Amino acid sequence: MAVHVIQGIPVSTGVALGRAYFLNRGRARNIPRQNIPDRDVEDELQRMDQAFSQALAELEDIQGRVPAELLEHARIIDSHIMMLQDPKLLESAKTYIRNMQLNAEWALEKAVADIETVFRSIEDAYIRERIQDVRLVAGRVQQHLLGESGNSLRSINTRIILLAHDLSPADTVELEVGKIMAFATVTGGKTSHTGILARAMQIPAIVGAADLEESIQDGQLIIIDGLQGRIIVEPDEEELASFTDLKYQFEEYQAGINRSSHLPAETIDGYRVKVFANIELLEEVSSVLGNGGEGVGLYRTEYSYLNRLKLPDEEQLLEEYQDLASIMFPSKVVLRTLDVGADKFMNHFGSLDEANPALGLRAVRFCLHHMDLFRVQLRAILRASVHENISLMFPMVSGLGELRQVKSVLNSVRMELKREGVKYNPEMPVGIMIELPSAMITADILATEVDFFSIGTNDLIQYSLGIDRTNSFVSYLYQPLHPALVRMIKYVVDAGHRAGIEVSICGEMAADPYCIPVLMGMQVDCLSMNPQAVPVIKHIIRQATMEECKALLKDVLASKTVGRNNKLVKDSIFRRHPSELMFYSSLLDEGY
Amino acid sequence: METLDVVSRKVFVANELGLHARPAARLAREAQKYSARITLLSQEQEVDAKSILDLLTLALGPGCAVELKAQGEDAQAALERLEQLFLNRFEEER
């Protein structure tokens, strides 16, 4: 048995075995707390100034030595320099020395704690997490106050697994890419720099490993299992052997699914399903084709509207859609009309104070409200439709009344083009996203007036279960296999098929290996997902049989709880897809 | 002739991740080049534009409207320059 097994959050997949190397940065431990006599105040103030300037000089030196391939990641160092120079941090620390006669180390801790309090109340998770940057900067100063030399990464001369409380971008600039086999840190979440960097370096990484510092000593042999998020300390022979196996198998597996990704997604018993990709940028097309995507099931058109000083005009949109269609030809491309809320468009339409944007003016509602904008996009899509691989899709349609409303706008734009003698494809398929419970329950009615359905599971789950998955209090209720969801999706697929139209799934469920057998059992026509997920999903389908998928679906439909469904699904993955069970952690919790 | 009038302008955060660490650093660095007192006002909270920590605590998400205020000799020039930074997303890609 290993000495310890530590669980963390995997942020970059892969496995590595090597010697642990601790980087003594981040939050310094055992900060001394002292009250100092009046006569020492001036000295403490000076010590503080000096530690700040030393830390600053260090960062400026590092900034000058950034290797070109890490330049993008290293730009954050500039923010750290600004924090060091920010009078707020330094002055607040010095105030604690002056007014409370605290020693410099403790005064700095207090100043950082004050800033943390303010940051903790920030709603925006991304900005809130920037408190990590403040801590790193303070940690560097603290090190100088404590007189620690710090073990510089530059002194490393063997290949190691880098462990740290947190890894600052400045630290990572110092490291030589070839020497690091994996990362693990105590702090950090899915958006931390460590994950981004590890994925860029293509090495495994684990963050949020709470007991790291207590459980591992420098030089110990450890395994980083970036598939399951486990760190195994001092593995025994058996564990080493299974690691070697795992590493070999993972590499084989990856090579295998990539090799076969261009093959059609057909079950062993001959049921064929289309596997498409969701993208938002033209540049992603190469990734779609490279990963074996058979079409673009969802092109998010909002990107060219956001982050622009001016709204795009018809010609710009036309060119974009035409480029996409011609690169993908003859494969299908589904253009989804603008799916944004009013909050994204304040630059152009002024601010709307909506108490609940998710239930507010968004998607087709927004477009119907801003008819000029909508018509420009429809004109561009219709004109691009002379490329006959283009389909059009409306998001968030709530019922037949609204569907007829948007279709009448589409018709009026068609008439307009006709009068002008501008060419378009009158046969262009027109579909809708099913992502509101109201659309789902009236799917049989809607199916008679559209050419296809695409079920957007992310929104359908949120609106049906009444939860915001980014809200950590309720995110545990984000349950794709809730009996309500399974019935809903099945109902929509059946309603579509009875009306003779195709039904595809384009939410994250379509990219979750564990959900695929259930969706297959429903006989969906198409699965659309992020391009990187295409190889594994195709692989799963090619290992499956329709007979088993249908039997699984039958069991799932008969079950009464999410917990039972998740178990049924995991069992089926265990039986039929052992590699996926091994290489992908399930997103499905046990549940009740 | 020095003017002590406060000049102000409404700007929007066009960056996809809001005014996060890098844009905030750009803004603070640029603001520090001017002698004018420069502040950012959002939802009744007014902070020093020359302090990156202050800017971050304002937690400006994507699309947020904010009022840029300046007072002092070079206030007008500062405003022009800083507005430009907001408009070009602080030279971030997205």
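None of the values given here were measured: they were computed from a predicted structure. Below, chains carry the letters A, B, ... as their sequence lines are ordered, and counting in each starts from 1. All values below come from the heavy atoms of this structure, side chains included, with hydrogens, waters and symmetry mates left out.
The NZ atom of K88(A) sits 12.0 Å away from atom CG of L56(B), with the distance rounded to the nearest 0.5 Å. Note that the CG atom of D133(A) and the CZ atom of R22(B) stand 10.5 Å from one another [nearest 0.5 Å]. With values rounded to the nearest 0.5 angstrom, L53(B) atom CG is found 5.5 Å from M83(A) atom CE. For the atom pair CZ of R128(A) and OG1 of T57(B), the computed distance is 14.5 Å after rounding to the nearest 0.5 Å.
Heavy-atom neighbours of R37(B) CZ from other residues, nucleotides or ligands within 6.0 Å: at or below the threshold of 12. Counting non-hydrogen atoms of other residues, nucleotides and ligands closer than 6.0 Å to CD of Q43(B) gives a total of 12 or fewer.
Contact annotation for L58(B): neither backbone nor side-chain heavy atoms come within less than 4.5 Å of a heavy atom of chain A. L89(A) touches chain B through backbone and side chain together, each having a heavy atom under 4.5 Å away.
Side chain of S79(A) to main chain of A21(B): a donor-acceptor pair is present (N/O by atom type, distance under 3.5 Å, no hydrogens or angles).
The two atoms that bring R29(B) and M82(A) nearest to each other are N-CE, 3.2 Å, heavy atoms only.
Counting heavy-atom pairs closer than 4.5 Å to chain B, the top residue among I122(A), V134(A), I131(A), I81(A) is I122(A).
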